[in-house]
Protein chains: 2
Amino acid sequence: MLDEPRFDDADLHERVTIGDVAERAGVSIATVSRVVNSRYGVAPATFEKVKAVIDDLGYESSLIARSLRSQRTHVIGVLVADIEPFSAEVLKGAANALRGGDYELVVYSGGHGGDHVGWERRYVSRLSGTLTDGTVLVTPTVAEVSLNQPVVAVDPQSSESAFPTFASQNYEGALTATRHLIELGHRRIGFLGGRRDLESARLREQGYRDALHEAGIEFDAELVLEGGFKEATAAGPARQLLALADRPSAVFAANDLSAIQTMRTAQELGLRVPDDLSVIGFDNVPESALTHPPLTTVDQSIQALGFEAVRTLIALIEQPALRREPPSHVSMPTKLVVRQSTAAPRAATA
Amino acid sequence: MLDEPRFDDADLHERVTIGDVAERAGVSIATVSRVVNSRYGVAPATFEKVKAVIDDLGYESSLIARSLRSQRTHVIGVLVADIEPFSAEVLKGAANALRGGDYELVVYSGGHGGDHVGWERRYVSRLSGTLTDGTVLVTPTVAEVSLNQPVVAVDPQSSESAFPTFASQNYEGALTATRHLIELGHRRIGFLGGRRDLESARLREQGYRDALHEAGIEFDAELVLEGGFKEATAAGPARQLLALADRPSAVFAANDLSAIQTMRTAQELGLRVPDDLSVIGFDNVPESALTHPPLTTVDQSIQALGFEAVRTLIALIEQPALRREPPSHVSMPTKLVVRQSTAAPRAATA
DNA sequence: AACGTTCTCGACAACGATTGCAAGCTGTTC
DNA sequence: GAACAGCTTGCAATCGTTGTCGAGAACGTT
């Protein structure tokens, strides 16, 4: 015991292990383990005695050691690229799904530095099978991961995926959003797209195109730019869109963050929303109700996506037989929320 | 191998362990371990051979097993009660501090169900010393935790804490905010406080009181209510404040979320901000720039708090000798950000 | 009093990695 | 050609738990 330098006894006590409890209670570690997990086969007197020592010493079993031994950890992991409004909503929904159950949540947030794909792979494969019982991927950059535990994805790359996916009816929502603008009288409508690797982004663009088509409006490639789903990445394209000689009278941004950035850019350019420019978003994140003017957007119940994803994941964990079945691909309805960022164009039809 | 029912070979392969790699490469597990950790003493030829097998099999070492054996995990944990704007900002700052370093971040989010104190204790004690090398507590509900690894706190219960703490100059900021209202001509100023167990909330109230005092305005207990720092919990008190017979002409809300809720409530009651009611917040979360009208608030660099907390934590982890020194209590400057939710009262001085 | 059950509890082998130590192999030097 | 040094590699202990198995105690039955 004296062979190690002990810097750390300043105020860090050594961790209390099951062995300490056993020694102090005068029983074997096996018995302590049984008490901790309240298993049968321990005499009431022993049980009480051990329990007292546990309380006394403040012992908590090590999650690590426990999960190394018995594969179940009762922890589910959520992998997000970044903490932004969308993922924050998913997390809230996920947390709600856990209420009352006996699972806990850990969130791995990447976002620090470079290579997303590598990062995801590494995380999933390092943690799966050991720390977590299952994983929820949020807007993943990988389509497939090979691993030994259940996985589900929210807002996936593709709903053809091998694991269950949860998304909104992105196509229908985009159709509705674009139709809303068309009904207001807009004919020159810009589209600020999202990350093309996500199915949601592709479907929203398709909805936009089809709505134009059915209204007999010719598609103009100049009006479609990729905004990357984040404020920082949307700024440039938004500016570019609004700087066009023949400026659109309305912009459909593929998510709220892009829409908010579009409004900000418009205001910087001296354009008034919605008088000079209508803007519509997608997501209905809480922030969208706070903008000036409040943003018209397509509501998708993001929390519900997180909620359902976790529910399904837990079912998959607890009923291994389910894993043999083909994965479900849930698509939740969307709803147009008309606020004040959209209006009829100033001069109807250019 | 045939004694277990194998539901799971549908598409879940067994985890690849170090043993599998060793067997396939025809070396011992010790050698594989050395290759994985790129230690000295492995012949170049062997190194390459093993590396090829690792790539081939897609092996990643188990974080769990690794950390059980060698105490260092290179993972730092962040414990948050909830994912809300404040904690989300802290997380971003924390993630930034990790950029380029060789640490990773896991976030434990509680918030699902009941007993916060118990939850924090359990988490910290179960994870400490095993999964994480250190922990950042964000707005903790416990003042002290006894454990065997470094801990720092952001927005703590008390800056007398035994571990390092990171907060803004809450008192000074609150003083400035209240003075701003007084300078505009307000004399009847409401205060919508925060969670009293947090030092930040107490200091902000003290700043409010002292600013009134120095201006010779008598303190009126009726104008001070506790709003709990969240939108849901602030709604009732905000309504109560604005329903007073002798309604305040301005409200200082102890954080932005409460301020936003106050504005919302005011608008529901038909009051215009800032004409009928001035509102000032605290935090300067991103959302505060989006409100209608944009919120005047006290800026604290929340990301910087997260950033510095992580920096300090890492130093503590890597230099155990530092742990003997008394903990530092960092207090970061604040800045008034005047936007459009504050103005002179309609009829100056009642 | 002898025997069979049931109950309680401890020994011990995993789980998947890291690491100190010693053994094997080469190659050098006298 | 023997002794030794230096590399490379494997053996085995260890981390804190859980789960299996069997030993012994306690009790009831005849």
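Protein chains get the first letters and strands the later ones, always in sequence-line order, with residue 1 at the start of each.
For B/R24, the salt bridge (Lys or Arg N to Asp or Glu O under 4.0 Å) criterion is met by B/D56, not counting sequence neighbours.
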Under 3.5 Å, sequence neighbours excluded: what are the donor-acceptor pairs made by side chains of residues 41-54 of chain A?
none

Ignoring hydrogens and angles, write down the donor-acceptor pairs under 3.5 Å from the side chains of residues 303-321 of chain A, residues two or more places apart or on other chains.
unit_1: A/Q303; atom_1: NE2; unit_2: A/E89; atom_2: OE1; d: 3.2
unit_1: A/R311; atom_1: NH2; unit_2: A/A97; atom_2: O; d: 3.4
unit_1: A/T312; atom_1: OG1; unit_2: A/E308; atom_2: O; d: 3.0
unit_1: A/E318; atom_1: OE2; unit_2: A/Y103; atom_2: OH; d: 3.0

Check the interface with nucleotides 22-26 of chain D: list each N/O to N/O pair with the protein under 3.5 Å, or write none.
none

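In the set C/dT18, D/dG16, C/dT19, the nucleotide with an atom closest to the side chain of A/T17 is D/dG16. You'll find that the side chain of B/T46 is closest to D/dT9, out of D/dT17, D/dT9, C/dA17. Proximity note for A/A30 (side chain, C-beta onward) versus D/dG10, D/dT17, C/dG10: the nearest is C/dG10. The B/S28 side chain lies nearest to D/dG10 when the options are C/dA17, D/dG10, C/dT19.
Each end of the helix from C/dA1-D/dT30 to C/dC30-D/dG1 gets its own axis from five base pairs, and the two axes differ in direction by 60°, given to 10 degrees.
As a whole-Å value, the separation of B/L131 CG from D/dC15 C1' is 14 Å. Put simply, CD on A/E60 is 16 Å from P on D/dG16, counting in whole angstrom units. If you measure from atom CD1 of B/I64 to atom C1' of C/dA14, you get 16 Å, rounded to the nearest angstrom.
Remark: of the listed residues B/E104, B/Q149, B/H74, B/Q149 is the sole one forming a side chain to side chain donor-acceptor pair (under 3.5 Å) with B/T132.
In the region residues 31-44 of chain A, proximity to DNA chain C at under 4.0 angstrom, judged on heavy atoms, holds for A/T31, A/R34, A/G41, A/V42, A/A43.
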